[in-house]
Amino acid sequence: MKRKLRMGMIGGGKDAFIGAVHRLAANMDGLIELSAGALSVNPEVGYESGKLLFLPDDRIYKTYEEMLKAESELPADQKIDFVTIVTPNFAHFAPAMMALELGFNVVIEKPMTLTLDEAKQLHAKVEETGLTLCLTHTYSGYPMVKQAKQMISEGAIGAVRKIIVEYPQGWLSTLSEREGNAQAAWRTDPSKTGKSGSMGDIGTHAAHLAEYISGLKISKICADLNIVVPGRAIDDDGNVLLKFDNGSNGVLIASQIAAGEENALKIKVYGEKGGLEWHQMEPNTLLVKWSNAPAQIYRTGNGYMGSFAKHNTRTPGGHPEGYLEAFANIYKNFALTVNAKLNNEEPTAEMLDFPTTEDGVRGMAFIENVVSSSQSDQKWWDYKI
């Protein structure tokens with residue numbers, strides 16, 4: 001790369017957890033610099049946040065509209081190359097669409113939009129403009145997840161027969177949205193988070209991981225969504241039976257009322273010859289089980305890893321890489337892809353290995369379909385996109 005890519009951030013001001021994560025991830029490989037920001041709906045908080053991040057006064061904006069318009073009018077060697085959108089779900093679509101219309105690439109938090117229709121519109125705009133949109137499904141950034149995906153794509157365990165993916169958390173075991181928890185407040189408000197709670201927030205991660213690793217697409221579902229905590233307005237727990245487009249089946253569990261759990265995302269994929277197992281809370285290990293041989297333990301940072309895992313590993317074996325590094329892999333691959341396009345070069349398959357609007361559309365379709373299935377008396381619900 002001849003220079004760092006210039007990033008403008010929408011949302012993510014001081015005290016915002018995910019904004020800091022995005023900035024750390026974007027900065028990790030030295031490919032990106034924060035150049036501008038509209039960091040809060042509160043102008044005073046936005047300005048203070050910008051100063052804390054050492055942004056110049058004229059690059060701290062009161063609104064995203066002001067930022068995108070002003071940046072689009074700057075000379076090519078000064079204006080931002082892309083925007084990162086780290087607002088709640090309901091505030092994703094409008095800034096993303098405006099950014100694309102003004103010629104900016106986009107990084108956006110998941111789920112991509114508030115509705116499936118909005119997601120389709122963003123996908124169409126990306127297709128129309130040829131710009132790049134990256135969706136931060138963080139867990140696809142882990143080296144051992146990429147190793148599992150490559151092994152399955154190369155036929156190591158044979159045709160996939162069954163997928164079990166579960167994502168239990170316990171942080172919403174009480175009615176914390178009424179106890180001053182700001183994260184809980186917007187995530188359990190249908191007007192801000194969309195029509196699903198736990199399935200929209202973490203179930204989408206589980207569904208994306210199942211499709212990403214296996215290379216398959218969900219084709220039918222049978223869903224059961226629940227409101228477990230009395231007084232809550234939206235689902236906090238759910239179970240989904242899955243069928244995939246190769247005829248295989250699976251189970252997906254997403255719950256935020258699993259008291260005592262932290263962030264226990266895990267997946268098992270079984271094929272004709274063996275199975276793979278990965279746990280997010282032990283991310284540097286991939287368990288490989290064979291039907292006719294002893295089980296194996298694959299570890300990040302070793303020479304036997306495939307090209308995709310190696311491309312996304314920074315440290316030698318035994319030096320753990322975790323959530324921030326996985327997040328940074330999403331940004332690194334996005335930055336390398338955008339840079340290649342700017343230089344009229346063809347990105348490699350490893351560079352292009354990050355979630356896009358296609359994943360965003362499928363994520364919104366997952367939410368729409370599990371809600372419809374849960375409300376229906378029909379056993380199997382044909383997956384609609």
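Heavy-atom basis, side chains included; hydrogens, waters and symmetry copies ignored.
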- Message: Let me confirm one number: the OG1-CG distance from Thr132 to Asn333, rounded to the nearest 0.5 Å.
- Response: 12.0 Å

- Query: For the side-chain hydrogen bond (donor to acceptor under 3.5 Å, both in side chains) test, which of Lys125, His123, Gln121 pairs with Thr357?
  - Reply: His123

Check ion pair [X]-[Y] (N to O, under 4.0 angstrom):
{"X": "Lys217", "Y": "Asp245", "result": "no"}
{"X": "Asp237", "Y": "Arg232", "result": "no"}
{"X": "Asp353", "Y": "Lys149", "result": "no"}

- Task: Would you kindly confirm whether Val41 and Tyr47 end up in one hydrophobic cluster when ILVMFWY residues are joined by side chain heavy atoms under 4.5 Å apart?
- Result: no

Counting heavy atoms not belonging to [X], are there more than 12 under 6.0 Å from its [atom1]?
{"X": "Phe54", "atom1": "CZ", "value": "no"}
{"X": "Arg178", "atom1": "CZ", "value": "no"}
{"X": "Lys268", "atom1": "NZ", "value": "no"}
{"X": "Lys384", "atom1": "NZ", "value": "yes"}

- Check: Asp235/Ser198 side-chain N/O donor and acceptor closer than 3.5 Å: yes

- Please answer whether the main-chain N or O of Thr113 pairs with a side-chain N or O of Glu118 as donor and acceptor at a distance below 3.5 Å. no

- Note on the structure: Given the options Arg314, Lys332, Lys4, Asp29 meets salt bridge (Lys or Arg N to Asp or Glu O under 4.0 Å) only with Arg314

